[in-house]
Amino acid sequence: MTRLSQLLLPTERQPPADAEAISHKLMVRAGLVRQLGTGLWTWLPAGWRVHQKVVQIIREEIDGVGGQEMLMPVLQPADAWQRTGRYEIDELFKLQDRKGADMVLAMTHEECVTTHVAQVVRSYRDLPFSLYHFQIKERDEPRPRAGVLRTREFIMKDAYTFDRDEAGLQAHYDAYAGAYDRIFDRTGLRWYSVESDVGMMGGSGAHEYMAPCPAGENEVALAPGYAANVEIASAEPQPVRLPAPLAAPESVHTPGATTVEDVARLLDVPAGGLLKAFPVVVDASEDARVAAGGLVLVVVRGDHRVNEIKLANVLGAPWRPAREDEIAARIGPAGFIGPVGHDVPILLDDAVAQDGGYIAGANETDHHLRGVRPGRDFAFEPVDVRTVQAGDTVGGAPITIEPAIEVGNIFQLGTRYSAPLGASYLDVNGKEQPIVMGSYGIGPARIVAAAVEQFADEQGIAGPRALAPWDVEIVALGKPGSDELAAAEGLYRELRSAGLEVLLDDRPLGPGSKFADAELLGCPLRLTVGRRSLQEGRAEAQLRRGLQDVEGGIPLDGAAEAVAELWRTLP
RNA sequence: CGGGGAGUGGCGCAGUCUGGUAGCGCACCCGGCUGGGGGCCGGGCGGUCGCAGGUUCAAAUCCUGUCUCCCCGACCA
C-alpha cells in the first residue's frame, strides 16, 4: 500500500511525553513504531519496511559467505539450557507448559542449534558449515530504554559457525568480519568495529560493531588506528608531576580525609600523586597471584578508576568489594588503607610510576604516608586494571571517548556450547573431537534506530537511502480532481513501473501538512507536483538529507530516467 | 533491586494543594471557504480521571493498597 490516503501511517505532531532519545521520539512521531509495554514494540507498516530493508542487506551478505538460512523456535525445552548453565540467567524468561515441563523463551539460539548439530554431525567430512536465522529473542532486561534501542523482545540475525579446529574457526571468523564490514557499509551508517570483552562466555576473541550516537549505551575509546570498548581499552596514562620518593615513607596527619579529593586538597598534591587502594575478595582462582582466593588489594593512581571488567579478566574469577570488617582485620581502617605494611597481596596498576613518591593510606585512622615508592616500600604484581580516560594516549595520539550503540558482534565461542551439549565429530584418526564454534549477531532494529539518531535533523528523519521506507515520496498538491493530482498519479505509475519504491501523498490536506509529514518520515527524495512547475512539465525535487532543492526539478516526461540518475547521487 | 517522576478523550496538557458532578490546544466527524509550509469560520462526536478499597451528603481531588509507564543508577552471557 503506497498511497498515503490508504496507508496506516499515524504521524504525531508532538513526541510522546516520556521519550528522551531522538530515535524514540522520531520513530514514534513518524509512525514507524508504537509501544505496547515496557520494552515491547510494534513495527507499523512503514517501520517494518525499513526493518526489512536491513534484514535483506544482512541476508545477502551472510548468504555471500556461505551462511545457510533456517528458522529455530523461540519456545524451547529448558533441558539444554540447564546443561549449558544458562538456565540460571536472570534475563532468561522461564515458564512451564500444561504438563508442568520447564520451558524457556530463547534469548539466543546456541543451545538449539548446537543440539541439532550434535545429532547430525558425525565426521570431520561434515564440517565446516554455518547456519543463521532471523528470529525473535526474548530477554527479561532489567531496564529496557530509549524506544527500540534496548527492548525485551527483538529480532536478531544470529549466525553460528561449526569447524573442526581453531584454524577453521579463525577462517570463518574472518569471513564473517568481512561480511559485517560490507553489511554496515551498505546500511549507510557511521560505524566501526572494536575489540570487546569476551565476558563470561569465555572464548578467544570478540569484536563489537558500534554505531556512534548520543543515545548509545557503550563507551568507545578511539585513537588513530585504535578503537576499543572502554570496558577493555588500554592506553598510556597522562603524566603526573610527582615529588621524588623520600628516603623512607613518612607519616602525615590527615584528620577526616578519607577520599582522594580530601587528601589531595589537604596536602596540596594532584590526585594522580595518590595511590587509591581498592580491596576485593576473590573466589578461588587459577591465577597464581591470588591462588588462595580471599583478600586482594588493587592499587591504582588516585585520579584513575578501577575497571571492573578488566579486573575480572585479570583475576580470572568472580570477585566482590571487600567488607569493612574484612578490610579492618587484615589491612586497616577503611578510608585510610594503603599498600605498605601488611601481607595482603597487591595488584598495582601499570599507570603507577615506579620512581615517584606517592601519598598512600597509612592503615591508621587519620594518617597517610608520604614519599611511598612502589617496589621498595611494598611488593606487587603489575597489572592493567584501570579505566582509560580521554586524553590518555595510544601510539602517542590522545584518545577520545564517545558513546555508541552496539549494532552487532562476532564471537569466537570455541567449545563453550559444543562440549556440554556433546557436539563432537570423529577426526581423520577416528578420535572424537569437540566442534569449534563461533557466533555472530546483528540487531536490525538497532541499526534502524542508530541511523535515525545519526542523521536526524530539526524536521525529522534523514537517514541513508538504503534504510528509507520508500525511495521517493511524491507530494501531490491541489484539490481532489485537480490537474496536479492527475499528474502526480501519472508520475507515481511511471516511477513504479521503473522499479522504484514510491509513496504518493494523495491526501486532501494542505501543503504544509504534507511537507511536514514527508520530512518527518524522511524518504531520501521528495518530488512535489504542484501548479508552479506543472505548467513547465516538471516536478520539483528535494533531497531529504540537508533539505537541498534540486535545481530545475525533474521533467515529467522521462521522469524515471531522471530520478534514477538523481538516485545514484544520494547518500 | 535502589533513587526520582508520571498515569485525566487518539497526542500534548490544565484541574488535585483548598472535595461540589471534567476543561484547553491539536487531531477526528459534518458544512462552507481556502489551496505552495501544519490555513480560516461555524457546528459536532469522544473521557469508568490506571485499578481496588476506604473517608464523606459529595472524590479526578483526601487516605490505604495495587498495577502500569518513564528517567538515573545497579545489571546487561
Side-chain angles (χ1 to χ4, degrees), chain A residues 8 10-21 24-25 28-29 31 34-41 81 84-92 104 106-111 137 139-147 149-152 154 156 158 196-203 206 208 215 217-218 229 231 308-309 312 318 320-321 405-406 409 411-414 416-417 420 439 441 443 458-460 475-485 488 505 507-520 526-535 539-540 542 547 549 553:
Chain A
L8 182 71
T11 57
E12 296 290 347
R13 246 175 126 141
Q14 286 162 309
D18 48 28
E20 296 276 324
H24 183 184
K25 291 179 182 172
V28 171
R29 286 192 55 209
R34 287 263 154 155
Q35 183 172 21
L36 183 65
T38 303
L40 299 171
W41 289 83
W81 295 78
T84 60
R86 296 170 95 198
Y87 191 67
E88 309 308 321
I89 295 172
D90 290 334
E91 281 73 27
L92 184 66
V104 306
M107 48 194 294
T108 59
H109 283 75
E110 279 87 357
E111 278 78 2
K137 306 293 178 249
R139 296 184 185 179
D140 196 358
E141 290 284 351
R143 190 155 106 72
R145 57 176 292 275
L149 229 41
R150 185 173 201 78
T151 55
R152 291 194 291 178
F154 61 98
M156 179 189 261
D158 43 324
S196 69
D197 182 40
V198 296
M200 299 307 271
M201 286 177 83
E208 289 165 342
E217 299 185 276
N218 295 275
N229 195 317
E231 289 177 347
E308 303 190 352
I309 291 169
R320 61 173 171 81
I405 300 177
E406 181 188 347
N409 62 62
F411 206 101
Q412 301 186 17
L413 286 176
R416 167 68 179 83
Y417 294 92
S439 76
E458 299 268 300
Q459 326 302 328
V475 173
L477 300 181
K479 305 177 193 185
S482 64
D483 292 347
E484 293 99 307
L485 209 51
D505 191 348
R507 296 173 300 177
L509 296 179
S513 306
K514 295 187 175 191
F515 291 142
D517 273 353
E519 280 149 18
L520 199 50
R526 186 183 85 198
L527 300 179
T528 304
V529 180
R531 198 179 296 156
R532 255 184 221 168
S533 57
L534 186 58
Q535 53 205 11
E540 292 137 70
Q542 185 187 68
L547 296 173
D549 284 324

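Throughout, protein chains are lettered first and strands after them, A, B, ... in sequence-line order, and every chain is numbered starting at 1. Predicted model, so just to flag it, every value in this text is computed and none were measured.
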Any base atoms under 4.0 Å from [X], or only sugar-phosphate, or nothing? Heavy atoms, all strands.
X      : answer
A/G85  : nothing
A/E217 : nothing
A/A146 : sugar-phosphate
A/P10  : nothing

State the pairing partner of [N]; accept Watson-Crick or G-U wobble contacts with both distances under 3.5 Å, and report none otherwise.
N     : result
B/C69 : B/G5
B/C17 : none
B/C33 : B/G39
B/A60 : none
B/A77 : none
B/C45 : none
B/G25 : B/C11

B/C70 OP1/OP2 closer than 4.0 Å to side-chain N/O of A/Q35: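 So the side chain of A/Q35 is within the cut-off, an N or O lying under 4.0 Å from OP1 or OP2 of B/C70.
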Do any side-chain nitrogens or oxygens of A/R150 fall under 4.0 Å of OP1 or OP2 in B/C76?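 Negative; the distance criterion is not met.
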Looking at [Y] and [X], is any side-chain nitrogen of the basic one under 4.0 Å from a carboxylate oxygen of the acidic one?
X      : Y      : result
A/R145 : A/E20  : no
A/R86  : A/E110 : yes
A/E91  : A/K137 : no

Of the nucleotides B/A77, B/G25, B/C69, which has the atom closest to the A/I89 side chain?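 Per side-chain heavy atoms of A/I89, the pick is B/A77.
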What do you reckon, is CD of A/Q535 surrounded by more than 12 foreign heavy atoms closer than 6.0 Å?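 Yes, CD of A/Q535 has more than 12 neighbouring heavy atoms, counting only those of other groups under 6.0 Å.
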Any chance you could list the contact pattern along nucleotides 32-42 of chain B? Use B for base contacts, S for sugar-phosphate-only contacts and - for none, protein heavy atoms under 4.0 Å, 5' to 3'. ---BBBB----
Start at the 5' end of RNA chain B and walk down; is the nucleotide closest to A/P15 or to A/W41 reached first?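 Result of the comparison: A/P15.
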Assess the residue pair A/T108 and A/D158 against the criterion (side-chain hydrogen bond (donor to acceptor under 3.5 Å, both in side chains)); give the C-alpha distance rounded to whole Å, side-chain angles, the decisive distance to 0.1 Å, and a yes or no. CA-CA 8 Å; A/T108 59; A/D158 43 324; over 6 Å; no
In this structure, how many angstroms lie between the C1' atom of B/A77 and the NE2 atom of A/H109, rounded?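 Result: 15 Å.
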